[in-house]
There are 2 protein chains.
Amino acid sequence: MDEDGAVDAPWLDRKQLRAWVRLVGVLELLPGVLDAQLRRDADVTHFEYYVLAVLSESPDRTLRMTELARHTNATLPRLSHVVSRLESRDLVERFPCPEDRRATNARLTDAGWSKVQEAAPGHAVTVREHVVDALTDEQVDQLAAIGDAVLARLDPTGAMAEIYTRYDGEPPARD
Amino acid sequence: MDEDGAVDAPWLDRKQLRAWVRLVGVLELLPGVLDAQLRRDADVTHFEYYVLAVLSESPDRTLRMTELARHTNATLPRLSHVVSRLESRDLVERFPCPEDRRATNARLTDAGWSKVQEAAPGHAVTVREHVVDALTDEQVDQLAAIGDAVLARLDPTGAMAEIYTRYDGEPPARD
DNA sequence: CCACGATGGTTGTCCTTACAACTTTCATGG
DNA sequence: CCATGAAAGTTGTAAGGACAACCATCGTGG
């Protein structure tokens, strides 16, 4: 962005590089660990589990596709495919939204509810083992703050803001 | 793991959940941002870029596949496929390792080197915009420490330990 | 009241990754 | 010095996600 074309934001200094390399490592390894455990124990991917979990907390266990996509950080096409699969497994059902006939609602079925209840404890153990229990209480808070800051940059539309802020005092049973 | 079957590691408390939900958000969104920029500006995925970058820093720009896999947090099959693609684009070349005839060395070509040099500045800008510049200096250090702690749990074989610790004083030109 | 852009969602295709099977070479014990 | 298991890679296939194209509905200005 600079006239001399190269040294506006030169590179990362050592400390920044340290942090970045580690973040990349986590980015690369953590999803695999989460998927593996949930696939093995509950036959769902982490993203599928997350979709089910979000629905399980929503009023009437129902959410419009667009809202569900925002809550799960997914694009609409991706979500659509995933919900199709979940629907074929009777974990979720779709039905047209009465107020807006363009829109579709996704609702968790009883089987889907059961799936979340069954999968949740094992998933929680994995999350603790690989992340939470590795950190001090202080670091957990720091991670939340860092996540806030980064998500504010990542989420173009600021869609999360409202969603994430509500975790400042909230009931249990969530991913 | 508990006899009564449910409440050994009950669930995450609110603070932990806050942190976890945000981490999941970053996990879901950041890779897409990195890939999009690098695809657009340099026609490589983030993982491909990372592979090239690691090679570019290695002695003689060469590394054995297994070593390269460890440095990039990848499985060998995945790396093998990726290197095949990079090789077909003349960014990397493979040749048998003299000392161990099972092994294969991957070496960065001149074209690969150029690719890294060209892509690096834009990539750095993206990393700064979406992560580093969103954080205070203190948070950058915290993130590094958190990454250390988590990676220690994620990496079963402790393979990274040696790799990551070296970023405590190191030359530039790296991802 | 209708034309047009925006919103909500689905579908199809391609690319990448995961997983498992397989080959070759090494190393070790008998 | 051979048999056996481990280590190093490659390859095939099947599944998931990105992206673009597409259809339907809404809402607003003329």
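Every value quoted in this text rests on a predicted model; they were computed, and no experiment measured them. The sequence lines fix the lettering, A, B, ..., with proteins before strands; numbering per chain opens at 1.
Remark: C1' of C:dT16 and NE2 of A:His81 are 16 Å apart, rounded to the nearest angstrom. We find that CG of A:Asn73 is positioned 16 Å from C1' of D:dA18, with the value rounded to whole Å. Atom CG of A:Leu29 and atom C1' of C:dT17 are 14 Å apart (whole Å). For B:Glu67 and D:dG9, the CD to C1' distance is 15 Å, given to the nearest whole Å. If you take CG of A:Leu79 and C1' of D:dG17, they are 12 Å apart, rounded to a whole angstrom. Look at CG on B:Asn105: it is 11 Å from P on D:dT10, rounded to the nearest Å. What separates NE2 of A:His46 from P of C:dA18 is a distance of 16 Å, to the nearest Å. For the pair A:Glu87 CD and C:dT10 C1', the computed distance is 12 Å after rounding to whole Å.
Each of C:dG8, C:dA20, C:dT10 was ranked by its minimum atom distance to the side chain of A:Met65; first place goes to C:dT10. With distances taken from any side-chain atom of A:Ser80 to the nucleotides D:dA8, C:dT10, C:dC19, the minimum falls on C:dT10. In this structure, of D:dA8, D:dC19, D:dT10, it is D:dT10 that holds the atom nearest to the side chain of B:Pro77. Which of C:dT25, D:dG9, D:dA20 sits closest to the side chain of B:Asp100 comes down to C:dT25. Nearest to the side-chain atoms of B:Arg78 among the listed nucleotides D:dT25, C:dA18, C:dT10 stands C:dA18. Here the nucleotide nearest the side chain of A:Thr104, chosen from C:dT10, D:dT13, C:dG8, is C:dT10. Closest approach to the A:Arg102 side chain among D:dA24, C:dT10, D:dA6 is made by D:dA24 (side chain taken as heavy atoms from C-beta onward).
Taking 4.0 angstrom as the limit, A:Arg70 places none of its side-chain polar atoms (N or O) nearer than this to OP1 or OP2 of C:dG8. For the pair B:Arg39 and D:dA18, the criterion of a side-chain N or O lying under 4.0 Å from OP1 or OP2 is not met.
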Give the intermediate values and the outcome of side chain to side chain contact (heavy atoms under 4.5 Å, CB included) for residues A:Thr62 and A:Phe95.
-> CA-CA 10 Å; A:Thr62 302; A:Phe95 60 95; 4.0 Å; yes

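Using modelled atom types, one side-chain atom of A:Thr109 and one backbone atom of A:Asp90 make a donor-acceptor pair closer than 3.5 Å. One N or O on the side chain of A:Lys115 and one on the backbone of A:Ala42 form a donor-acceptor pair closer than 3.5 Å.
Closest-nucleotide positions on DNA chain D for A:Arg101 and A:Phe47 were compared, and the one nearer the 5' end corresponds to A:Phe47. Along DNA chain D, the nucleotide closest to A:Glu99 and the one closest to A:Thr45 are compared, and the more 5′ of them pairs with A:Thr45.
A:Arg85 comes within 4.0 angstrom of sugar-phosphate atoms only, judged by non-hydrogen atoms across all strands, and of no base.
Looking at B:Asp137, B:Thr136, B:Leu143 one by one, the single match for side chain to side chain contact (heavy atoms under 4.5 Å, CB included) with B:Gln139 turns out to be B:Thr136.
Classification of the B:His123-B:Tyr49 ring pair by plane angle, with boundaries at 30° and 60°, yields tilted.
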